[in-house]
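Report on the structure given below.
Below, read A as the first sequence line, B as the second, and so on, with proteins coming before strands; counting in each chain starts at 1.
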Number of protein chains: 2
Amino acid sequence: MIRAERHERILSELARRGTVSAQALSAELGASVATIRRDISDLAGRKALIRTHGGASLPSHREELPFDAKLMTNLAEKRRIGAEAGARIEDGTFIACGGGTTVMQMLPSIRRKSLRLVTTAINVALELRETQSVEVTLTGGTLRRRTAETVGHIAERTLRDINIDVAIIGVDGIDALRGLTTFDPNEAYVNRVMLERAHEVWILADHSKFGEVLPAVIAPAITAARVFTDTGTSDAAAAPLQDLGIEVIRV
Amino acid sequence: MIRAERHERILSELARRGTVSAQALSAELGASVATIRRDISDLAGRKALIRTHGGASLPSHREELPFDAKLMTNLAEKRRIGAEAGARIEDGTFIACGGGTTVMQMLPSIRRKSLRLVTTAINVALELRETQSVEVTLTGGTLRRRTAETVGHIAERTLRDINIDVAIIGVDGIDALRGLTTFDPNEAYVNRVMLERAHEVWILADHSKFGEVLPAVIAPAITAARVFTDTGTSDAAAAPLQDLGIEVIRV
DNA sequence: ATTATTTTGAGCGAATTTGAGCGCCTTTTG
DNA sequence: CAAAAGGCGCTCAAATTCGCTCAAAATAAT
């Protein structure tokens, strides 16, 4: 295992558990305690975590950090989900997407494709800025601080003027009976418009999102859609969706 | 296996896993470690990945913004110009701005103000993301790679629906006879709309911009406007503008 | 078919990383 | 409060990886 991978897994564990011991990491990652301690020192130098006696803990002010805790949770799963969805996109497609953490993990795969993309998220725009083969359009609108996504009537109107081939959205809750949900009503509404305007809908959701029902409703029921998730999603969780005729892709 | 195919597989593995070791790739692709290392070097040269000891990791494309302060010419002047313009903005104003390097230097001084701002530039949005007191709206539109600004009919339409108090734009060329100019025609046009929609126009231009005439015309003639520049701008350069009744503020 | 060019794999010294050992220090526990 | 336990910083040797050269192999050109 190379250093970068250990660093990533340390941050991922940290995001999940809040604190980690060098001992435990050593056992989990199969590296000596000395190496783990060196890694922790490296990451502490980058302010990605706080070094503590015996291990490390999450930094206090998450906002200013290079590694967002939410981005690091279930990172490996999100990568696989994103890569799988990205690999299935065909050249020439017109894509719409938001800025969820799983959607972000899709971007490395679409960088080599030739397509057009409209997004509400400045993160996505930034990440694809250098990519020659992808034409990026921003919806515009009011900027939400928490997610760096744009919402409101401007975003909505932009989307209504575009014929989208595939809408790819990450959701915070997916439930066969209660539909797709998220935290912010404004974002939910923009996502809903995206779904309405799209010929095809792909949903990215890691296993932790299944059965979750959150306040803001994107879609009250799931109809035609492809759901991408990880192998951590049980058959029992996937079955209700498949009964609705929805394709569930587990990677 | 041909080289292009290996490159493709390496990038695809990287998208899936986030990091890869040369060892693992060698086994998976059936090529020697030496060849894999050469491939990684090639891809690193194209900035498609980051070479690390023992393998490679995904690149982060977010830190290569054109507004890197280190690369900026006349930085000190731009800071003074931006600070002066920012200081003159009153609370409650509705501002429009682009994303020029000088405009970026204005942002620190508007952090503490309470105002609304519409911008074409994702950098501005990103910079003000954490600022509670400033409500940020993005115009949306097609993303220009070089400047990270949005242009086109979407940006234009957003601006046409807003009554702007002050439009603050950085220009690449300012000349009393030939007007305001910049490099990109698309950006020039969006800036023109911004000027039309604004009750007041403030122009930020360091001394190097005076007398410059560039291909894309923002405004063929300068009418009512305030020009902010540095003390490096000579009286001779400022006089023609002042003769037109334009206020030139040198800081 | 033969020659020229490019690509690949292996070998080797240099550089980097890793893991273990050993006093010293911090935390815990009785 | 003192002793024990565990963690830290440090050094050093072993293990890996790197950069480089060179010959074999594959590919392209004549």
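Across the protein-nucleic acid pair, B/Asp39 atom CG and C/dT8 atom P stand 7 Å apart, rounded to whole Å.
When only modelled atom types and interatomic distance are considered, A/Arg111 and A/Thr131 share a side-chain donor-acceptor pair under 3.5 Å. Side chains of B/Arg46 and B/His7: a donor-acceptor N/O pair is present below 3.5 angstrom, by distance only. Under 3.5 Å, the side chains of A/Arg112 and A/Ser133 contain no donor-acceptor pair of N or O atoms. No side-chain N or O of B/Glu212 forms a donor-acceptor pair with one of B/Thr181 less than 3.5 Å apart. For the 3.5 Å distance criterion, the side chains of A/Thr120 and A/Glu149 qualify, holding a donor opposite an acceptor. With hydrogens and angles left out, the side-chain atoms of B/Thr19 and A/Glu8 include no donor and acceptor closer than 3.5 Å.
Within 6.0 Å of the CZ atom in A/Arg226, the count of heavy atoms belonging to other residues, nucleotides or ligands exceeds 12.
Comparing A/Ile2 and A/Ser41, the nucleotide of DNA chain D nearest to each residue sits closer to the 5' end for A/Ser41.
The shortest distance between the side-chain N/O atoms of B/Arg3 and the OP1/OP2 oxygens of C/dT6 is not below 4.0 Å.
B/Asn74 pairs with exactly one of B/His207, B/Arg80, B/Arg79 by the side chain to side chain contact (heavy atoms under 4.5 Å, CB included) rule, that one being B/His207.
Counting only heavy atoms from C-beta outward, the side chains of B/Val124 and B/Leu117 approach each other to under 4.5 Å.
For the segment residues 23-37 of chain A, residues with any heavy atom less than 4.0 angstrom from an atom of DNA chain D are, sorted by number, A/Gln23, A/Arg37. Residues from residues 48-58 of chain B that place a heavy atom under 4.0 Å from any atom of DNA chain D, listed by number: B/Arg51, B/Thr52, B/His53, B/Gly54.
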Please step through side-chain contact (heavy atoms from CB on, under 4.5 Å) for the pair A/Ile164 and A/Leu159, ending with a clear verdict.
CA-CA 8 Å; A/Ile164 300 161; A/Leu159 288 170; 4.1 Å; yes
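First and last contacts of DNA chain D with chain B, using any nucleotide atom under 4.0 Å from a protein heavy atom and ordered 5' to 3', fall at D/dT17 to D/dG19.
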